[in-house]
Chemist: 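This is the structure I have questions about; it appears just below.
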Amino acid sequence: MAGNGDGERLFLGFDFSTQQIKVLAVTDQLKVFYEDHVQFDVDLPSYKTQGGVHIHDDHKTVTAPTLMWVDALDLLLGRMKSASFPFHRVAALSGDGQQHGSVYWGQNAREVLKSLSPEKPLADQLKNCFSIDASPVWMDASTSSQCRQLEQSVGGPQKLSAITGSRAFERFTGNQIMKVFQTNREAYDNTKRISLVSSFAASLFLGDYAPIDHSDGTGMNLLDIWSRDWSPDCLQACGLDLGAKLGPVVHSTQNIGTVSQYMVSRYGFLPNCVVAAFVGDNPASLAGLAPEPGDVIVSLGTSDTVFVWLSHPTPGLEGHVFLNPIDKQDYMSLTCFKNGSLTRERIRDEKAGGSWDTFSEMLRKTPSGNHGNIGIYFDVTEIQPFAEGCFRFDDKGNKVESFLPEVEVRAVIESQFMARRVYAEAVGLQLGPKTRVIATGGASQNQAILQVLSDVFNSPVYIKDVPNSACLGNAARAKHTLLGPNVPFSSVVEGMQAPQLVASPQGDSEGYTRLVKRYQELEKMVAGSQ
Ligand SMILES: O=C(CO)[C@@H](O)[C@H](O)CF
């Protein structure tokens with residue numbers, strides 16, 4: 001058991017992610033008291049998952065056993081009990097789920113949920129409560145025809161994005177539900193409630209159906225981001241009586257009740273332990289980074305992900321606008337880029353002898369703007385644009401076959417960050433004097449790379465490496481919900497590690513604004529040639 005925090009109240013944050021369930025307990029000051037996790041592949045081998053999922057023979061359908069998630073929670077809470085975790089000190093808890101995944105509760109599920117026997121594990125009692133045993137998850141890509149049908153039913157992809165914050169994407173839950181409605185009607189009709197992974201997880205603590213929250217609900221192509229309620233047109237397109245099966249949607253700060261008698265009797269939670277709405281994993285991570293309105297968060301990993309806290313989003317055909325998990329009026333955008341660290345590492349290996357020090361030295365030696373040379377490096381098919389291949393252009397826009405090594409090093413970094421800026425501005429980012437870029441993930445340890453990020457965004461770059469950001473975000477949200485709506489989230493997280501300033505713009509901002517426009521034109525040309 002880590003930490004001391006003798007007797008003071010604790011807050012729990014759970015993360016039901018693709019490969020594992022994690023838990024983090026923090027003190028009032030959000031200091032780590034306890035953490036643990038259950039890895040599906042390792043700890044529950046009988047389900048025979050790989051990376052927490054089953055990839056079906058068509059290589060498009062991807063599911064996870066719903067009961068595995070229940071089993072994993074039994075295991076995790078059991079471990080905490082064996083470690084004498086002081087459940088009675090938990091004042092509030094919350095959590096998140098991998099976005100877009102869906103759970104289908106059967107005819108008798110609610111009665112079972114509300115009358116669980118504390119002598120038995122959850123899995124033993126819920127094993128016959130699901131009308132579909134294999135939950136579709138975010139890696140599924142089998143619903144392209146449903147995507148087209150949904151877009152057509154509301155007036156096209158741009159219209160659907162204008163309503164729900166995204167055009168139709170295969171992993172988005174509305175399209176997954178439509179596939180169930182069309183191909184497994186009996187199961188659909190036997191389904192009394194459809195949850196997301198987040199609200200399903202919350203239901204296990206509540207002992208009743210938990211509502212879907214705004215942030216995760218906007219990953220479904222079903223929620224109207226302006227009314228903040230289900231879109232009747234989208235519901236109608238995806239399934240009969242779908243609204244009744246989804247239940248109400250609530251804001252992410254909503255107090256959705258207290259833990260069930262099952263949790264009190266079996267583990268020792270106090271009956272007044274508050275449950276705050278569970279959210280999507282990405283909104284939870286955003287909360288864990290304790291951003292401020294207008295912040296741009298660039299997560300530099302295998303794939304790069306850019307989050308922007310927005311007040312006035314402009315949803316389009318690329319990227320996603322979700323409802324903000326912290327502020328009831330605001331939004332957050334999310335844009336994923338598949339070509340992230342693996343592409344950077346390839347150029348490092350080919351042009352800098354496999355050394356980050358050499359790579360960084362080459363970056364420092366080459367000028368901002370790279371004398372007008374632009375490279376585009378889509379080693380794997382990119383999400384936006386849907387394009388693959390490597391392309392190089394000189395300062396006059398002529399295609400060239402190669403660059404000098406140091407030019408190539410700067411070109412890959414500048415083009416990746418110009419792309420991140422192009423798509424962030426497309427969903428509503430307006431760079432200004434107050435804009436902060438917060439970098440996380442592996443490459444955020446490289447000062448030379450962050451200097452280019454600062455120059456391209458013409459904004460200061462901070463680093464904030466928050467391990468377990470999703471769990472921490474959930475524990476902080478739990479405390480925020482307990483304290484009530486009059487307490488700003490910023491005051492709840494003020495004790496958290498402040499972001500550290502690591503780079504300020506030194507480049508020619510006007511020059512980059514021009515270069516970004518050239519990048520955008522060249523990228524459109526490359527995409528058009530696919
Ligand atoms: O599909 C995604 C976001 O739209 C992924 O980041 C999932 O949330 C991962 F669980």
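When reading the values below, keep in mind they use all heavy atoms of this one structure, side chains included, and skip hydrogens, waters and symmetry mates. Bear in mind the structure is a predicted one, so any value in this text is a computation, not a measurement.
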Chemist: Is it the case that atom NZ in Lys81 sees more than 12 heavy atoms from other parts of the structure closer than 6.0 Å?
Modeler: yes
Chemist: One pair to check against side-chain hydrogen bond (donor to acceptor under 3.5 Å, both in side chains): His480 and Thr253. What are the steps and the verdict?
Modeler: CA-CA 7 Å; His480 182 219; Thr253 59; 5.9 Å; no
Chemist: Do you know the tightest heavy-atom contact between Phe40 and Ala72?
Modeler: CE2-CB, 3.6 Å
Chemist: Does NZ or CZ of Arg348 lie under 6.0 Å from the centre of the six-membered ring of Phe359, at an angle within 45° of the ring axis?
Modeler: no
Chemist: What's the shortest heavy-atom distance between Cys129 and Ala109, and which atoms?
Modeler: O-CB, 3.6 Å
Chemist: Between His100 and Phe169, is the ring centroid distance below 6.0 Å?
Modeler: no
Chemist: Is it true that, when you exclude Ile463 itself, more than 12 heavy atoms of the residues, nucleotides or ligands shown sit nearer than 6.0 Å to its CD1?
Modeler: yes
Chemist: Please check this pair: side chain of Asn446 against backbone of Ile449, looking for a donor-acceptor N/O pair closer than 3.5 Å.
Modeler: yes
Chemist: By the definition side chain to side chain contact (heavy atoms under 4.5 Å, CB included), identify the one residue from Leu67, Val70, Thr66 that meets it with Lys127.
Modeler: Leu67
Chemist: When you measure from the side chain of Ser341 to the backbone of Gly301, do you find a donor-acceptor pair of N or O atoms at a distance under 3.5 Å?
Modeler: yes
Chemist: Check Asp213, Asp216, Asn474 against Ser198 for a side chain to side chain donor-acceptor pair (under 3.5 Å) and give me the one that passes.
Modeler: Asp216
Chemist: Has Lys22 got a side-chain atom pairing as donor or acceptor with Ser17's backbone, closer than 3.5 angstrom?
Modeler: no
Chemist: Looking only at atom types and distance, does a side-chain atom of Gln497 sit under 3.5 Å from a main-chain N or O of Val466, one as donor and one as acceptor?
Modeler: no
Chemist: Validate the cation-pi geometry between Arg228 and Tyr331: distance from NZ or CZ to the six-membered ring centre under 6.0 Å, angle to the ring axis within 45°.
Modeler: yes
Chemist: Tell me if a side-chain donor or acceptor on Trp230 pairs with a main-chain N or O of Gly247 at a distance below 3.5 Å.
Modeler: yes
Chemist: Got a donor-acceptor contact below 3.5 angstrom from the Ser355 side chain to the Ala352 backbone?
Modeler: no
Chemist: I'd like to check Gln19 versus Asp41 (side-chain heavy atoms, cut-off strictly below 4.5 Å). Are they in contact?
Modeler: no
Chemist: Could you please spell out the steps behind the side-chain hydrogen bond (donor to acceptor under 3.5 Å, both in side chains) verdict for Ser131 and Thr191?
Modeler: CA-CA 6 Å; Ser131 50; Thr191 299; 2.6 Å; yes
Chemist: Using modelled atom types and a 3.5 Å cut-off, is there a donor and acceptor pairing between side-chain atoms of His251 and backbone atoms of Asn324?
Modeler: yes
Chemist: Identify the heavy atoms of Ala503 and Gln447 that sit nearest to each other, and give their distance.
Modeler: CB-NE2, 4.1 Å
Chemist: I want to check something: taking the side chain as every heavy atom from C-beta on, are Trp69 and Ser135 in contact at a cut-off of under 4.5 Å?
Modeler: yes
Chemist: Under a 3.5 Å distance rule, please check whether Asp74 uses its side chain to pair with a backbone N or O of Ala123 as donor and acceptor.
Modeler: yes
Chemist: Report yes if some heavy atom in the side chain of Leu77 is under 4.5 Å from a heavy atom in the side chain of Phe85; otherwise report no.
Modeler: no
Chemist: Going by heavy atoms in the side chains, are Asp140 and Thr143 under 4.5 Å from each other?
Modeler: yes
Chemist: Could you tell me if Arg346 sits above the aromatic ring of Tyr377, with its cationic atom closer than 6.0 Å to the ring centre and no more than 45 degrees from the axis?
Modeler: no
Chemist: Would you say CD of Gln50 has more than 12 non-hydrogen atoms from neighbouring residues, nucleotides or ligands within 6.0 angstrom?
Modeler: no
Chemist: I would like to know whether Asn175 and Asn221 meet side-chain hydrogen bond (donor to acceptor under 3.5 Å, both in side chains); could you show each step before the answer?
Modeler: CA-CA 8 Å; Asn175 308 297; Asn221 280 147; 3.1 Å; yes
Chemist: Using only atom types and a distance under 3.5 Å, with no angle test, would you say the side chain of Ser94 pairs donor to acceptor with the backbone of Ala277?
Modeler: yes
Chemist: Please tell me if the side chains of Ser444 and Val461 come closer than 4.5 Å, counting only heavy atoms from C-beta onward.
Modeler: no
Chemist: Using a cut-off of 6.0 Å, state whether more than 12 heavy atoms not belonging to Lys192 lie near its atom NZ.
Modeler: no
Chemist: Measure the acute angle between the ring planes of Phe278 and Phe205, then classify it against the limits of 30° and 60° as parallel, tilted or perpendicular.
Modeler: tilted
Chemist: How about Gln29: does its CD atom have over 12 heavy atoms from other parts shown lying under 6.0 Å from it?
Modeler: yes
Chemist: Is Asp379 salt-bridged to Lys338, going by a charged N under 4.0 Å from an acidic O?
Modeler: no
Chemist: May I ask you to say whether Asp96 pairs ionically with Arg477, meaning some side-chain N is under 4.0 Å from a carboxylate O?
Modeler: no
Chemist: Quick check: do Leu12 and Phe269 have side-chain heavy atoms less than 4.5 Å from each other?
Modeler: yes
Chemist: Do Val259 and Val275 make a side-chain contact, defined as non-hydrogen atoms from C-beta onward lying under 4.5 Å apart?
Modeler: yes
Chemist: Can we say Lys464 and Asp295 salt-bridge, meaning some charged N sits less than 4.0 Å from an Asp/Glu carboxylate O?
Modeler: no
Chemist: Within the distance-only criterion (no hydrogens, no angle test), does the side chain of Gln20 pair as donor or acceptor with the backbone N or O of Phe16 below 3.5 angstrom?
Modeler: no
Chemist: For the residue pair Tyr262 and Lys114, establish whether any side-chain heavy-atom pair is separated by less than 4.5 Å.
Modeler: no
Chemist: In this structure, is the centre-to-centre distance between the rings of Phe130 and Tyr104 below 6.0 Å?
Modeler: no
